[in-house]
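To find a chain, count down the sequence lines: A is the first, B the second, and so on, and within it residues start at 1.
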Protein chains: 2
Amino acid sequence: METPRQAFEAFLRQKHLKLTQPRLSVLDTALAARRHFEPEELVADLRAKAVSRATVYRTLALLLESGLLKEVIETNGHRIYEPMHGLPHHDHLVCLECGKIIEFVNPRIEALQEAVCRRFDFRIVSHLHQIMGYCRKCQRKNAVAPRRPA
Amino acid sequence: METPRQAFEAFLRQKHLKLTQPRLSVLDTALAARRHFEPEELVADLRAKAVSRATVYRTLALLLESGLLKEVIETNGHRIYEPMHGLPHHDHLVCLECGKIIEFVNPRIEALQEAVCRRFDFRIVSHLHQIMGYCRKCQRKNAVAPRRPA
DNA sequence: TTGATACTGAGACTTAGTCTCATATTCAAG
DNA sequence: CTTGAATATGAGACTAAGTCTCAGTATCAA
């Protein structure tokens, strides 16, 4: 099976782009990163390897375009990405208090979604399905120590 | 039935906040706006009425909190809001080419979503469900004049 | 009417991201 | 190997969207 690195090489070659050291650093770091990350975290991680902010963002765009990475959440002006390798398609629950992200898979939702697109003659490229609320732990916390009244 | 203005007044009173002229201007403009808008459009519209950017954003937060407005889409770092009055809950298809927004209602998706939350013991507050792709018109346009090869 | 409380605009500040440009790397052809 | 045209790079200027501060102003309950 094709490794992410091989896939990236193929993608670059096919677009007549070059396989450079900074690009490889971004690839490695992005795929090794904790499962969900924001661009600026990547920028911070890569400063150690002397990769500039500009290059991180430029490479991020390539990884997105090549399908190795996916933007999965966007809240409050923050974009969150995750590597595509391995896991089946899924969506996310986002805890508004602790930021925890829970992944869930639901083929029936996907199927209904596709039916909607067919109905509108809409060619789907991607989708963002995120549910915001409070995870079990934070619900409990709030029950014990509710925000004190103004 | 309660008008948006009455709802807003009640909301403010209950929080010991004041009903001011700038706030009313923001309310009116936000509700009268084209169905979907970005904060900066509101800022521009309200400059004529001498309402500052800071006040627009501050009031936007209140309108969101009071439920009169809802954030419905977030793409590319742009937040899009819409007034809540009138329409039943719905989600959105967003055309990546022309920016067109199509609304769709699908109770079965909503039901499945709630089931997911129950399974994870997650207290849902809101959700963002947007499908990105190409609308009928833009698909046709691209078929006629495809992007020329590099 | 009044004064405590809350609100306001101006503009400084922040954060995330993009752009430019002079210099450095890559890689296909020789 | 070399080489050189094409592409990539880092530094840092720039932008856009939003937040914050603060001195002066408006609101509203008593």
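- Between the side chain of A:R23 and the main chain of A:K18, a donor-acceptor pair closer than 3.5 Å is present.
- The shortest side-chain heavy-atom distance between A:I131 and B:F122 falls under the 4.5 Å cut-off.
- Without hydrogens or angle criteria, A:H36 side chain to A:R34 main chain gives no donor-acceptor distance under 3.5 Å.
- Atom CG in A:N76 sits about 11 Å away from atom P in C:dA16, given to the nearest Å.
- In the helix from C:dT1-D:dA30 to C:dG30-D:dC1, the terminal helix axes, each the rotation mapping four pairs' C1' atoms onto the next four within five end pairs, subtend 30°, rounded to 10°.
- Only B:H16, B:L17, B:K18, B:T20, B:P22, B:R23, listed by number, bring a heavy atom of residues 15-30 of chain B to less than 4.0 angstrom from any atom of DNA chain C.
- In this structure, A:R118 and A:R123 have side chains that are not in contact, with every pair of non-hydrogen atoms separated by 4.5 Å or more.
- For A:R13, the side chain to side chain contact (heavy atoms under 4.5 Å, CB included) test picks out no residue, with sequence neighbours left out.
- Straight-line distance from the CZ atom of B:F8 to the P atom of C:dC7: 10 Å, rounded to whole Å.
- Side-chain atoms of A:T29 come within 3.5 Å of backbone atoms of A:S25 as a donor-acceptor pair (strictly under, hydrogens ignored).
- Note on ring orientation: taking the six-membered ring where Trp is involved, the planes of B:H129 and A:H129 are parallel (angle under 30°, cut-offs 30° and 60°).
- Heavy-atom minimum distance, B:Q139 versus A:D121: NE2-O, 2.9 Å.
- To the nearest angstrom, C1' of C:dG17 lies 14 Å from CG of A:L42.
- The backbone N or O of A:G77 sits less than 3.5 Å from a side-chain atom of B:E74, completing a donor-acceptor pair.
- Two residues are said to be in side-chain contact when any heavy atoms from C-beta on lie closer than 4.5 Å; B:V43 and B:Y57 meet this criterion.
- Sorted by residue number, the members of residues 58-67 of chain A with any non-hydrogen atom under 4.0 Å from DNA chain C read A:R58.
- Contacts of residues 50-57 of chain B with DNA chain C (heavy atom under 4.0 Å): B:A50, B:V51, B:S52, B:A54, B:T55.
- Position along DNA chain C of the nearest nucleotide to B:L12 versus A:E40 favours B:L12 as the more 5'-ward residue.
- Residues A:C98 and A:C95 have side chains in contact (heavy-atom distance under 4.5 Å, counting atoms from C-beta outward).
- Map A:K49 and B:G77 each onto its nearest nucleotide of DNA chain D; the residue landing nearer the 5' end is A:K49.
- A nucleotide of DNA chain D counts as in contact with chain B when one of its atoms lies under 4.0 Å from a heavy atom; the first and last such, 5' to 3', are D:dA17 to D:dC28.
- Sparse packing is recorded around NZ of A:K100, with 12 or fewer heavy atoms of other residues, nucleotides or ligands lying under 6.0 Å away.
- Scanning both residues, A:A30 and A:L63, for their nearest heavy atoms gives CB-CD1, 4.2 Å.
- Taking the ring centroids of A:H89 and A:H127, they lie under the 6.0 Å cut-off.
- Smallest separation of non-hydrogen atoms from B:L68 and B:F8: CD1-CB, 3.8 Å.
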